[in-house]
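Since the structure comes first, as structure tokens, the remarks are kept for the end.
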Amino acid sequence: MDKVDGTEHYNFKAPADLATLQVIILDTNPLAWATFEKSSSLSFPAALSQLLIFANAHLAFSQSNRCAVIANHIDGVHFLSPADPGTDHRDPGEADLTPEDLKEIANQNASKYRVFRLLEDEVRASYRRLIKNTTPEAVMACPNSSYLAGALSAALTYINRICFGGTGGRSSGVPGDEKSKVNSAGGKVDETGRTMHAKILVVSVTPDPANQYIPVMNSIFAAQRLKVPIDVCKLRDSTVFLQQAADATGGVYMEPEHPQGLIQYLMMGFLPDHLARQSLILPTKVDVDFRAACFCHKKVLDIGFVCSVCLSIFCEPPQGAVCSTCQVKLDVTSLENIGKPVVLPPKKKKKKKAIDSLPESGVASAAESPVPTE
Amino acid sequence: MNSQAMKSFEHLEGLSEAIFKRLYQQPATALAVFRRMLPNLAKTFVMAMLFNPDPVPVSSLEAFVRPDQNRLKEEAFGKLRQLYIVTERQGTFALDATFKVELRKALTGGGSPGSFGLPCDTEDKNRVDISFLDRYAAEQWESILHFMVGNETQSSQRPSEGVVRLLLHGKLMEQNRASGTVITQLGFSFLLQEVNSQVWTLLLLYLDMAEQLRMDPVDILHFLFLLGSLELGQDYDMKSLTPTQKGMLEDLRDYGIVYQRKSSSRRFYPTRLATGLTSEIRSLRSPAATLANATPGNDENGFLIIETNYHSPLQIAVLNLFARLISRFPNLVTARITRESIRQAIGKGITAEQIIDYMTANAHPQLRKNSPVLPPTVVDQIRLWQIEGERMKVTSGYLFKEFATNAEFNAVCKYADDIGVLVWIDKNKGMLFVSKHEQIADYIRKRAQSNR
């Protein structure tokens, strides 16, 4: 029977499945972690170890998968891996090691897969360097500071370069940079010209930086356009911005109930890649808090004022009735009654006067008229 | 991953449960099996279960998957069962205990020292660098390919006896009375594969042959998977290897997969052919191209070498498989792709996809500027020429018939369709034809038990 057609023409290829770039944005604010540890008994080192296992698991999926780790620190955003090419790559702790220690390390290294080891070493060394350069005074000065907007933009620009540029760019030390060259030279590219898929995981212990509302929203929309899901692992304090980020980009939002078991949340909820997510039902928040922050005082609002031209949000009519974003002169005369407990249109008042003889009617109509609720 | 490399792994899937259980005793192997042999969804399941101390109820895994993706789910479970990675007990799934422990070790780095290769602790006086290793690997590998197309004058050395024996064993070449050893059709098809698949094909043949020589296949596979996780440019100590593996080193040296300065040396260097073993990155056609591409900053040179190499008989012999050569200059060959030449190639068991891949991978930089690289009309025509001959399709499989009841027949049909093995059914005759039978047989047995 095989003689009829012994060739193997039928093995047509499945559509190219691209590798995935995982960018992890990690809060490294020491004070926020210290506070969190008290309430949850999950310390930063433990969380970092579990995150690194998660990163390893991601890299284990495929040789061409890559991973980047970004620290959202008290003074700005730092790439932990791939480390900046200009920086000193030495581990600050290394100078104190004896030859025996080095041998011990080499032995440990032999028990680790080299791709995993490179990433781990780089992240840990960069983190130690980062902490070494952070003074206690600086930490005390800003207990809750977070550069979420900066971290998201850094992640997105990095993704843009790796997944669409294909030039490799920053030398990562992870043997992946060469691969992006292979990709650009003759490898797989999907119809939109991307050479890799990407996803972002935000591990957050700090509250919303309300003053960064606009840049954060812009990053979210940029991620939406690039089709990059933003997954959020919110360990402390529920947040409005990150809920919206996950919701708008189709990412996963979780607030682990048992933070000690972080690894299981990571492996089950956040690990599935682009391909697997098409066939999985992943945990995400159903009732997303869609509140916005005002542009004038950066407060999160339930009800606010919106510029009729540029849709900027304000918690009170802007000063001088000029929109601070687009400088348009606004007509605020109709706003005079807003904010008062009961809004009575002038027409009704006239009617009321006409039927003033009925004593109870005024009270009743006031109760029925629309009341702005909280 | 390409289909050819996948196919070579199907060979591994047929191993027995006992062998798999022993294979999983090394973290490097557990990791390599996870990475290379599982479909994406199966990997996701394994990771979801990996750090879960208890067995997971089947129902909760099923709830994890979208209802319309049943086929993918069954495929994933099927593969996990086939490789003995999960065991199903009383409605729960559990990862194989050894696999779980070893994969965890791989991810956390908790294995014993040397489980990902033992680096030498002393300095090598005759240290070699990566470019040397690349050159060495390319030389060794290409000398095998040159030998296959029967031009030994090009390369200075003839491959060792072991290599020739292996090629003959795998029927890539055959002994011919008149002209010595000549290449077979299988061999030609081998030449058109990517380097990574070529390496695997040869190594699996080696495995096959080794079993006849009473070498332990588990030992061999452990070593192959270990090689895939080593670091290029690092020297490793032989002392953590088993005697079988030490014996293998000599053969692998002949293939250019590892480098040893002399056979008595206790250290060895893996080459790029070795470190690429467990990667599924698409490597380019010739070893020279792969190596040039993987070496940063060297791309331009690499491509130029390929182009000027067209006067190498190996490249020409490959071109001759699917194109009619017209003229030949010192640095240029012209050939014409015709219906006859393509039909001839297809007759030899070469597919249109292989030809297109080959041409894309070896395109001149000038041509590479286009997107797509090859003109679509040419690609389409080659595919059309292939389809011309495809009037009949052979599917090997199993026929199920004489079901007791119609209900049972329908249930089995539905199940077969769900897991994606259903090829053909005839409702009137109550027969169905499937490409794989193990799961179906299981299903029928379970149904019978539950009905009793």
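Within every chain, numbering begins at 1; the chains are lettered A, B, ... in the order of the sequence lines, protein sequences first and strands thereafter.
Ser279(A) contributes atom OG, which lies 13.5 Å from atom CZ of Arg71(B) (distance to the nearest 0.5 angstrom). Summarising the geometry, atom CD belonging to Glu62(B) is positioned 11.0 Å from atom CD1 belonging to Ile281(A); distances are rounded to the nearest 0.5 Å. To the nearest 0.5 Å, atoms CZ (Arg277(A)) and OG1 (Thr44(B)) are separated by 10.0 Å.
With contacts defined as side-chain heavy-atom distances shorter than 4.5 Å, the pair Leu38(B)/Phe61(A) does not qualify. In this structure, Phe64(B) and Leu282(A) have side chains that are in contact, with non-hydrogen atoms separated by less than 4.5 Å. Contact of the Leu41(B) side chain with the Leu280(A) side chain is registered, since non-hydrogen atoms from C-beta on lie closer than 4.5 Å. Taking the side chain as every heavy atom from C-beta outward, Leu107(B) and Met267(A) approach each other to under 4.5 Å. Using a 4.5 Å heavy-atom cutoff, the side chains of Asp273(A) and Asn40(B) are in contact. The closest side-chain heavy-atom distance from Gln264(A) to Asn52(B) is below 4.5 Å.
Proximity to chain B is limited to the side chain of Ile263(A), based on heavy atoms less than 4.5 angstrom apart. For a residue to count as touching a neighbouring chain, one of its non-hydrogen atoms must lie under 4.5 Å from one of that chain's; by this rule Phe51(B) touches chain A with backbone and side chain alike. Heavy atoms closer than 4.5 Å to chain A are found nowhere in Leu103(B), neither backbone nor side chain. Interface remark: Glu120(A) contributes side-chain atoms only to the contact with chain B (heavy atom separation under 4.5 Å). Only the side chain of Leu31(B) comes within contact range of chain A, with heavy atoms under 4.5 Å apart. In this structure, chain A has no heavy atom under 4.5 Å from any part of Ala76(B).
Taking each heavy atom of Gln278(A) and Gln69(B) in turn, the nearest pair found is O-NE2, 3.7 Å. Nearest heavy atom pair, residue Met47(B) against residue Ala57(A), reads CE-CB, 3.5 Å. A pairwise comparison of heavy atoms in Ser229(B) and Tyr113(A) identifies CB-CE1, 3.2 Å as the closest pair.
Not a single donor-acceptor pair under 3.5 Å links the side chain of Arg117(A) to the backbone N or O of Gly109(B).
Highest contact tally toward chain B, considering only Ala276(A), Ala55(A), Ala60(A), Pro272(A), is held by Ala60(A) [criterion: heavy-atom pairs under 4.5 Å]. The candidate from Ala28(B), Ala32(B), Ala48(B) with the greatest count of non-hydrogen atom pairs under 4.5 Å with chain A is Ala48(B).
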